[in-house]
**Student:** 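Here's a structure for you.
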Number of protein chains: 2
Amino acid sequence: MTSTDATATDTLAVGIRSAGLKVTAQRLAVLQALDDSPHATAERVFAAVRAGLPGTSLQAVYGVLTAFTSAGLVRRIEPAGSAALFERRVGDNHHHLVCTGCGAVHDVDCVVGEAPCLTPSDARGFAVAAAEVTFWGLCPSCRAAPATP
Amino acid sequence: MTSTDATATDTLAVGIRSAGLKVTAQRLAVLQALDDSPHATAERVFAAVRAGLPGTSLQAVYGVLTAFTSAGLVRRIEPAGSAALFERRVGDNHHHLVCTGCGAVHDVDCVVGEAPCLTPSDARGFAVAAAEVTFWGLCPSCRAAPATP
DNA sequence: CAGTTGTCTTGATCAGTTCAAGATACCCGC
DNA sequence: GCGGGTATCTTGAACTGATCAAGACAACTG
């Protein structure tokens, strides 16, 4: 994996450029890192990027992730108790399943009964723009293994 | 407001004691502070407590909130981009409406269509224990007032 | 190929939260 | 009512995750 062939890289570059951003080695590396681990912390992306671009700084990664987030290229989620996570799946209104044991995160395409969660029973006059659903539970590994502090 | 009469205080004390915790002035003050502002940060609770008990330390407030949270007396929520908020409404599986403009938080009793959100379409083998829904939008005030950075 | 502008590096700073050790106060039993 | 045991509070420090600022550098435009 970690496809570094020209084709894949070009695809990434097109995405970046069409978002109105300049294409740099660091930015390509960040996108590839997020392909490899779809729910990564900034720190983790940093480690992955640095593997291929040793001179890269943590602040650069934060800058890239911030730019991508406001450009809509990546989505930032912040499960309670965890550092911010970044993912490339964007614009498809999916939700997350978080393991309370190990912190593992999985995507959930949607909720049964379609998307009723987009409408609260009483919006209190709010203009509701988005609904975010987080499911908390134990992943298969943590169900098997008793407590791993 | 800020009822300090014996009756109300006694009710709070009973709640604390029945959770297996000792009753102290700081703990009573924290509960009352959460009654006055139902979605408060630790810092905000600290300010409210200190108004009545000048010698109280911030760490004491953190300690009380942590103890209450693990005893199930208060619930801790962490909307993305905000500090942790604490609330007394607990055990009724309600959700939250957060203003992206000013950060105001309101409770939402439940979602239309009952509680379908408790069942993801594909649990991936997880033992799902809870579902947390956060609605993002603009509150009436922020809809009226254009951008207040 | 040079200019302009956006991006990266370096270094410092911040908010929010947690940890540790000792003094203190609550609650139980007598 | 009062002392002992233990949870709680105070003081002080430290830690993580994230952000800001200034200058060096590199990507795209013409």
Side-chain angles (χ1 to χ4, degrees), chain A residues 9-10 12-31 33 39-50 52-71 73-74 76-86 103 149, chain B residues 9-10 12-31 33 39-50 52-71 73-74 76-86 103 149:
Chain A
T9 303
D10 284 356
L12 296 179
V14 169
I16 297 175
R17 195 169 290 118
S18 62
L21 299 169
K22 288 185 179 175
V23 177
T24 68
Q26 288 89 344
R27 291 183 169 183
L28 291 170
V30 165
L31 285 188
H39 302 97
T41 60
E43 207 78 38
R44 183 145 181 212
V45 170
F46 173 56
V49 169
R50 195 163 240 208
L53 299 168
T56 307
S57 68
L58 176 59
Q59 286 73 359
V61 172
Y62 271 108
V64 171
L65 289 171
T66 302
F68 282 178
T69 301
S70 46
L73 282 181
V74 311
R76 174 186 179 139
I77 62 172
E78 297 183 35
S82 155
L85 302 177
F86 298 86
Chain B
T9 303
D10 285 356
L12 296 179
V14 170
I16 297 175
R17 192 170 292 119
S18 62
L21 298 169
K22 287 185 178 173
V23 177
T24 68
Q26 288 87 345
R27 292 185 167 180
L28 292 170
V30 165
L31 285 189
H39 302 98
T41 60
E43 207 77 37
R44 183 144 182 215
V45 171
F46 173 55
V49 169
R50 196 164 241 207
L53 299 168
T56 308
S57 67
L58 176 59
Q59 285 72 1
V61 172
Y62 271 107
V64 171
L65 289 171
T66 302
F68 281 177
T69 301
S70 48
L73 283 181
V74 310
R76 174 187 181 139
I77 61 173
E78 296 183 34
S82 155
L85 303 177
F86 298 86

**Student:** Within this structure, what is the CG-CG distance for the pair L28(A) and D10(A), rounded to the nearest 0.5 Å?
**Tutor:**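 Reported value, rounded in 0.5 Å steps: 9.0 Å.
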**Student:** What's the CZ-P distance between F46(A) and dA18(D), to the nearest Å?
**Tutor:**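 Value for this atom pair: 14 Å.
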**Student:** Once you round to the nearest 0.5 Å, how far does CZ of F86(B) lie from CG of L73(B)?
**Tutor:**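 Going from the CZ atom of F86(B) to the CG atom of L73(B) covers 13.0 Å.
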**Student:** Would you give the length of the straight line joining atom CD1 of I77(A) to atom CG of L85(A), rounded to the nearest 0.5 angstrom?
**Tutor:**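 So the CD1 of I77(A) and the CG of L85(A) are separated by 4.5 Å.
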**Student:** With a 4.0 Å cut-off on heavy atoms, is G55(B) in touch with a base, just the backbone sugar-phosphate, or nothing at all?
**Tutor:**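 The residue G55(B) makes sugar-phosphate contact but no base contact.
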**Student:** Do V74(B) and L31(B) have side chains that get closer than 4.5 Å, going by heavy atoms?
**Tutor:** yes
**Student:** Please round to the nearest 0.5 Å and tell me the distance separating atom CD of E43(B) and atom CZ of F46(B).
**Tutor:** 7.0 Å
**Student:** Under 3.5 Å, which protein N or O atoms sit close to an N or O of nucleotides 15-18 of chain C? Give each pair with its distance.
**Tutor:**
{"residue": "dT17(C)", "atom": "OP1", "partner": "A84(B)", "partner atom": "N", "Å": "2.9"}
{"residue": "dT17(C)", "atom": "OP2", "partner": "Y62(B)", "partner atom": "OH", "Å": "2.8"}
{"residue": "dT18(C)", "atom": "O4", "partner": "Q59(B)", "partner atom": "NE2", "Å": "3.3"}

**Student:** Output the residues of residues 15-28 of chain B in contact with DNA chain D, where contact means a heavy atom of the residue under 4.0 Å from an atom of the strand; sort by number or write none.
**Tutor:**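 Residues of residues 15-28 of chain B under 4.0 Å from DNA chain D: L21(B), K22(B), T24(B), Q26(B), R27(B).
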**Student:** Verify, without hydrogens or angle tests, whether R27(B) (side chain) and K22(B) (backbone) share a donor-acceptor contact under 3.5 angstrom.
**Tutor:**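 Such a contact is found between R27(B) side chain and K22(B) backbone.
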**Student:** Could you state the interatomic distance from OG (S57(A)) to CD (Q26(A)), rounded to the nearest 0.5 Å?
**Tutor:**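 Rounded to the nearest 0.5 Å, the OG-CD separation comes out at 8.0 Å.
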**Student:** Can you pull out how bent the helix from dC1(C)-dG30(D) to dC30(C)-dG1(D) is, comparing the axes over its first five and last five pairs, to 10°?
**Tutor:**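 Computed from the C1' atoms at both ends, the axes differ by 40°.
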**Student:** Over all heavy atoms of both residues, which pair between A67(A) and L21(A) is shortest? Give the atoms and the distance, please.
**Tutor:**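 Residues A67(A) and L21(A), closest heavy atoms: O-CD1, 4.3 Å.
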**Student:** Working to the nearest 0.5 angstrom, can you tell me the gap between L58(A) CG and R50(A) CZ?
**Tutor:** 8.5 Å
**Student:** Compare every heavy atom of A83(B) with every heavy atom of P79(B), then report the nearest pair and how far apart it is.
**Tutor:**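 For P79(B) versus A83(B), the nearest heavy atoms are CD-O, 4.3 Å.
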